[in-house]
Novice: 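This is the structure, below, for whatever I ask next.
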Amino acid sequence: MRRRHLLAAALAAPAIAHAQGQYPDRPVRFIVPFPPGGGTDTWARITSEGMQPEFGQPIIIENRGGAGGLVGTEYAAKVPPDGYQLLFTITTHIQSPVVLRRFPYDPIADFAPIGRLGSSNVAFVVGPKVPAEITTMPDFLRRAAGRDLSFGSYASGSTGHAFALMFAEEAKFRMEHVAYRGETPMLQDMLSGSIHGGFHSMAAAGEMVHARRVRPLGASGAARIPSLPDVPTMTELGFSSRFSFSGFSGLLAPARTPPAILERLNEVFRLAANKPETIQRLRRIDTIPGYLNPSEFKAFLQKTLVDWTAITNALDLRMDS
């Protein structure tokens, strides 16, 4: 009996080694924890298109939105760690569980970082519900005094949610927060006049901004958004340094993914993130290319968790804020 088991193992070993050596030998999926059409979806598609030629296999985008990214991320944490289902995500990977006080996954321990694609700032934009003559932040603040305003965010606990709260707090006006399941439905409601405005990624809102369907009045980050040189940052407008916070986008694998597969993923992602065409596409949507390797990305995620916990506690930022 023992000899039979040893023979079976010996026969299986070359097949297993061959299968691992051929990774990937079938399509790979990127789990995106937000609906199609938003910034996360756009960055995921840019990344997948950069990686596919190196992989020799299709990369399929699978959108699993809900609960500020928790639904898709929890799913991605529990898939088989074989390299065929990966998580492409943004800052809400850290933010949502902190704000919602619910950790269906550990944002650090449950994932193996593959790489950061880049960073991005968000613009505060207003839609048709705000009179057309309001084109600057000082104009908006004068009109906002004493009024009830409604601001949307692409997820409870997101950067957009926190910035809306900080904006209302520092400008001293009343705000109703409206949470959406992604940027696309939020933009649709803004265009229909259901909400006054909100903080948006240029990856999702850029076309509408440049077509003047929505008006940018300010932006987060330490520097102005490249395609909006005339739009001042929130800190230039006199708001606190808390608005210097920038978001990220990047790729992670489930923890316990075999080292050989991670090594392959790390290399292909690095090549894709640094391709001239990838960098050009990112810059066209006002995303700052900023590749980080796995160890750098992990340290970045750990720091983001500390920083966002401090912001959340200072704002008493919660799901129902």
Novice: Are Ile60 and Ile31 linked, directly or through intermediate hydrophobic residues, by side-chain heavy-atom contacts shorter than 4.5 Å (ILVMFWY only)?
Specialist: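 Shared cluster, no.
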Novice: What residues, two or more places apart in sequence or in another chain, satisfy side chain to side chain contact (heavy atoms under 4.5 Å, CB included) together with Pro80?
Specialist: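 Pro80 satisfies side chain to side chain contact (heavy atoms under 4.5 Å, CB included) with Asp82, Gln85 only.
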Novice: Run the numbers on Arg283 and Asp286 for salt bridge (Lys or Arg N to Asp or Glu O under 4.0 Å), then give the verdict.
Specialist: CA-CA 5 Å; Arg283 287 178 173 158; Asp286 290 299; over 6 Å; no
Novice: Centre-to-centre under 6.0 Å for Phe151 and Phe199, is that the case here?
Specialist: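 No; Phe199 has its ring centre 6.0 Å or more from that of Phe151.
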Novice: Before we go on, tell me: are the rings of Phe297 and Tyr291 under 6.0 Å apart, centre to centre?
Specialist: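 No; Tyr291 has its ring centre 6.0 Å or more from that of Phe297.
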Novice: Can the ring centres of Tyr180 and Tyr154 be said to be less than 6.0 Å apart?
Specialist: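 No.
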Novice: Determine all donor-acceptor pairs shorter than 3.5 Å in which one atom belongs to a side chain in residues 35-42; sequence neighbours excluded.
Specialist:
unit_1 : atom_1 : unit_2 : atom_2 : d
Asp41  : OD1    : Arg45  : NE     : 3.3
Asp41  : OD1    : Arg45  : NH2    : 3.3
Asp41  : OD1    : Asn63  : ND2    : 3.0
Asp41  : OD2    : Gly37  : N      : 3.3
Asp41  : OD2    : Arg45  : NE     : 2.9
Thr42  : OG1    : Gly38  : O      : 3.0

Novice: In terms of the angle between their ring planes, are Phe163 and Phe243 parallel, tilted or perpendicular, with boundaries placed at 30° and 60°?
Specialist: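 If you compare the ring of Phe163 with that of Phe243, the planes turn out tilted.
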Novice: Is there a path from Val126 to Met186 through hydrophobic residues (I, L, V, M, F, W, Y) whose side chains come within less than 4.5 Å of each other?
Specialist: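 Different hydrophobic clusters.
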Novice: Would Met166 and Val178 show up in the same hydrophobic cluster when neighbours are defined by side-chain heavy atoms closer than 4.5 Å?
Specialist: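 In one cluster: no.
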Novice: Mind checking the CD1-NE2 spacing from Ile134 to His196? Nearest 0.5 Å is all I need.
Specialist: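 So the CD1 of Ile134 and the NE2 of His196 are separated by 11.0 Å.
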Novice: Yes or no on salt bridge (Lys or Arg N to Asp or Glu O under 4.0 Å) for Arg102 and Glu74, after CA distance, side-chain angles and deciding distance?
Specialist: CA-CA 11 Å; Arg102 184 161 67 88; Glu74 182 179 8; 5.1 Å; no
Novice: Let me confirm one number: the OG1-CD1 distance from Thr309 to Ile94, rounded to the nearest 0.5 Å.
Specialist: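 Going from OG1 on Thr309 over to CD1 on Ile94, the span is 8.5 Å.
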Novice: What about Phe300 and Phe248, are their ring centers closer than 6.0 Å?
Specialist: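 Yes; Phe248 has its ring centre under 6.0 Å from that of Phe300.
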Novice: Is Met175 linked to Val122 within one hydrophobic cluster, defined over Ile, Leu, Val, Met, Phe, Trp and Tyr using a side-chain heavy-atom separation of less than 4.5 Å?
Specialist: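 The answer is yes; both residues are in one hydrophobic cluster.
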Novice: Can we call the ring centroids of Tyr105 and His93 under 6.0 Å apart?
Specialist: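 Judged by ring-centre distance (under 6.0 Å), Tyr105 and His93 do meet the cut-off.
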Novice: Please list, chain by chain and in numerical order, all residues satisfying side chain to side chain contact (heavy atoms under 4.5 Å, CB included) with Ala171, sequence neighbours excluded.
Specialist: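 Testing Ala171 for side chain to side chain contact (heavy atoms under 4.5 Å, CB included), a comparison that skips the adjacent residues, returns Leu141, Phe167, Phe173, Phe239.
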